[in-house]
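All remarks here apply to the structure that follows.
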Amino acid sequence: MLDIKLIRENVDIVRKRLASRNASEEKFVDEVLSLDDQRRKLLAEVEQLKATRNRVSKEIGALMGQKKLEEAEAKKKETRDMGDRVAELDKQVAEVELKRDGILISLPNLPHESVPIGKSFEDNPEIRVWGEKPKFDFQPKNHIELGESLKMLDFARATKLSGSGFILYTHWGAKLERSLIQFLLDLHTTDHGYIEVAPPHVVGPHCLEGVGQFPKFKDQYYGVVEGDRPDAMGKLYLIPTAETPVANIHREEILSAQQLPIRYCAYTPCFRGEAGAAGVGTRGMIRVHQFDKVELIKIVKPEDSYAELESMTANAEKVLQLLGLHYRVLLLCTGDMGFASAKTYDIEVWAPGQGDYLEVSSCSNCEDFQSRRMNMRFKTETGENKMPHILNGSGTALARLFVAFVETYQQPDGSIKIPPILQPYLKTDRISA
RNA sequence: GGAGAGGUGGCUGAGUGGUCUAAAGCGACGGUUUGCUAAACCGUUGUACGAUUAACAUCGUACCGGGGGUUCGAAUCCCCCCCUCUCCGCCA
């Protein structure tokens, strides 16, 4: 959520930056300002009225104490209809406030000034490339062929269980998935200094609103209903990412400056409705309704957040470097960024069987956009309450990492070679039929 | 799921319609004293919104789990919801 004071004081900048997002939200800025103006006028009026009422009520109390009942009655009459007027104005304030905040909460974050202006993914500059595309002296298979021939993935039976868009890992497939998860958690907790947390996989709507997934993208998420009770709809949702519960851990808290930075790392499954994406390129495990992910979350002081974004991105890249997978890093342009983000790097890993790069990580600095929605603050050394900056990054998404991994390490005989770094987890150097 | 008890400031805890719109204690911070520490004493000690102001600041309003109601006036009375604890039932 944007700071209403920022909008009041820098209308032109806000309007211009919103416009650069290619989402035409800037037209709501004037409406917000007009509602905000109304609210302040009403507030001034009702508060003055309340001040008078409080004063007279106190006088009545004093008179009652002195047993001057007639004088007290007279004063009561005087203020009797003041209550109605106060109630009326209170109602108006609440209505205007609701409208104002309804718009505010639907406005995306402002892009950071270092973010290039652009319309779509085609305008995202490539920041750096690591490694190179592996060469094969045979026709490389894709992960679907490999997964089925090595009995690591069973797409037909997954569909039988849950419909399209779900994965059934079997035998070495399940072990590889689990090994990758554990490798990632060990790396980030041991080498990169993150604290591991294991959050609920189901959260209330306030958590989705806190990170900016609600109210704009409601149809993307799975709701959970307890038993056969449609009336319970809207109370709980399956998490689309660990960011949702983990970023909300300290919501409505005032942290101390000494606690920052907080760096959390969490493995969870992620559930996504992917409404509107069905039917296009959905075969395999590149776009699915459920996938595993190890997520990184940071809560930091504002002055540190851009340095922390760089190190978080480096932490995610380290995963691919250690696994020996070729990747590139893109800086998302203004038109391609997520709702809550002020600056985002995407990391795309090369998948030989696809002949394409796959997004396995997205590292974003949301600045104070989320902390304001969550009312998360920290007390500075000078005793002032400020909103911390919140960052999130995949470290990394698993299903696509799995794809790139098996496609990169496939051998001419159809087996998969396991690089030394994963061997202690998988307890083998090769997966074969 | 059933029954009961609760939810008050950083913490403990008093407060069942008005007289400072939260007593007292603890903790924390500042000061006095002190060779240093401790003790003692004195003082300070929340959050948000708004108005005035160049600013320091001053004033106002709201907040006692959340929301609604009664009243001139609600932490206090009434209604709904949420959460915690104890016991019972069910259960991985």
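Numbers restart at 1 for each chain; the letters A, B, ... are given by sequence-line order, proteins then strands. Keep in mind that what you see is a predicted model, and the values were worked out from it rather than measured.
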Between [N] atom [atom2] and [X] atom [atom1], what is the distance in whole Å?
| X | N | atom1 | atom2 | answer |
| --- | --- | --- | --- | --- |
| A:Arg39 | B:rA51 | CZ | C1' | 13 Å |
| A:Leu49 | B:rC59 | CG | C1' | 17 Å |
| A:Gln48 | B:rA51 | CD | P | 13 Å |
| A:Asp36 | B:rC49 | CG | C1' | 11 Å |
| A:Glu384 | B:rU45 | CD | P | 19 Å |
| A:Asp101 | B:rC49 | CG | P | 11 Å |
| A:Glu47 | B:rA62 | CD | C1' | 8 Å |
| A:Asp3 | B:rA48 | CG | C1' | 13 Å |

Contacts of A:Val46 and A:Glu97 projected onto RNA chain B by closest heavy atom; the upstream (5') one is A:Glu97
Is the phosphate of [N] approached by [X] (side-chain N or O, under 4.0 Å from OP1 or OP2)?
| X | N | result |
| --- | --- | --- |
| A:Arg55 | B:rG60 | no |
| A:Arg40 | B:rA51 | yes |
| A:Arg8 | B:rG50 | yes |

Say you pick atom [atom1] in [N] and the same atom in [M]; how far apart are they, in whole Å?
| N | M | atom1 | answer |
| --- | --- | --- | --- |
| B:rA22 | B:rC11 | C1' | 16 Å |
| B:rG7 | B:rU70 | P | 26 Å |
| B:rU76 | B:rA62 | P | 14 Å |
| B:rG17 | B:rC78 | P | 12 Å |
| B:rA28 | B:rG10 | C1' | 8 Å |
| B:rC42 | B:rU33 | P | 16 Å |
| B:rC87 | B:rC80 | C1' | 26 Å |
| B:rG9 | B:rC63 | P | 15 Å |

Could you identify the nucleotide paired to [N], looking across every strand shown and requiring Watson-Crick or G-U wobble geometry with both distances under 3.5 Å?
| N | result |
| --- | --- |
| B:rG30 | B:rC42 |
| B:rU53 | none |
| B:rA14 | none |
| B:rA3 | B:rU86 |
| B:rA75 | none |
| B:rA23 | none |

Atom OG1 of A:Thr189 and atom OH of A:Tyr194: how far apart are they, to the nearest 0.5 Å?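 One finds 11.5 Å between OG1 of A:Thr189 and OH of A:Tyr194.
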Nearest-0.5 Å distance, CD of residue A:Gln220 to CG of residue A:Leu208: 11.5 Å
Between [Y] and [X], does any NZ, NE, NH1 or NH2 come within less than 4.0 Å of an OD or OE carboxylate oxygen?
| X | Y | result |
| --- | --- | --- |
| A:Arg263 | A:Glu308 | yes |
| A:Lys301 | A:Glu303 | no |
| A:Asp368 | A:Lys386 | no |
| A:Arg251 | A:Glu209 | no |

[X] side-chain proximity, nearest of [options]:
| X | options | result |
| --- | --- | --- |
| A:Lys379 | B:rU61, B:rG50, B:rG46 | B:rG46 |
| A:Asn385 | B:rA62, B:rU47, B:rG60 | B:rU47 |
| A:Ile254 | B:rA62, B:rG50, B:rU47 | B:rU47 |

Mutual orientation of the aromatic rings belonging to A:Phe217 and A:Phe339 [parallel < 30°, tilted 30-60°, perpendicular > 60°]: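 Ring orientation of A:Phe217 relative to A:Phe339: perpendicular.
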Please work out if A:Ala44 contacts a base, only the sugar-phosphate, or nothing of the nucleic acid, heavy-atom cut-off 4.0 Å.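 No contact at all - A:Ala44 keeps every heavy atom at 4.0 Å or more from the nucleic acid.
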If we only count heavy atoms from C-beta on, is the A:Gln38 to A:Leu35 side-chain gap below 4.5 Å?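 In short, these two side chains touch, coming nearer than 4.5 Å.
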Quick one: does NZ or CZ of A:Lys218 land under 6.0 Å from the six-membered ring centre of A:Phe214, within 45 degrees of the ring axis? yes
Every protein N/O lying under 3.5 Å from an N/O of nucleotides 66-73 of chain B:
residue	atom	partner	partner atom	Å
B:rC72	OP1	A:Arg80	NE	2.9
B:rC72	OP1	A:Arg80	NH2	3.3
B:rC72	O4'	A:Thr79	OG1	3.4
B:rC72	O2'	A:Ser57	OG	3.3
B:rC72	N4	A:Lys76	NZ	3.1
B:rG73	OP1	A:Arg53	NH1	3.4
B:rG73	O4'	A:Ser57	OG	3.1

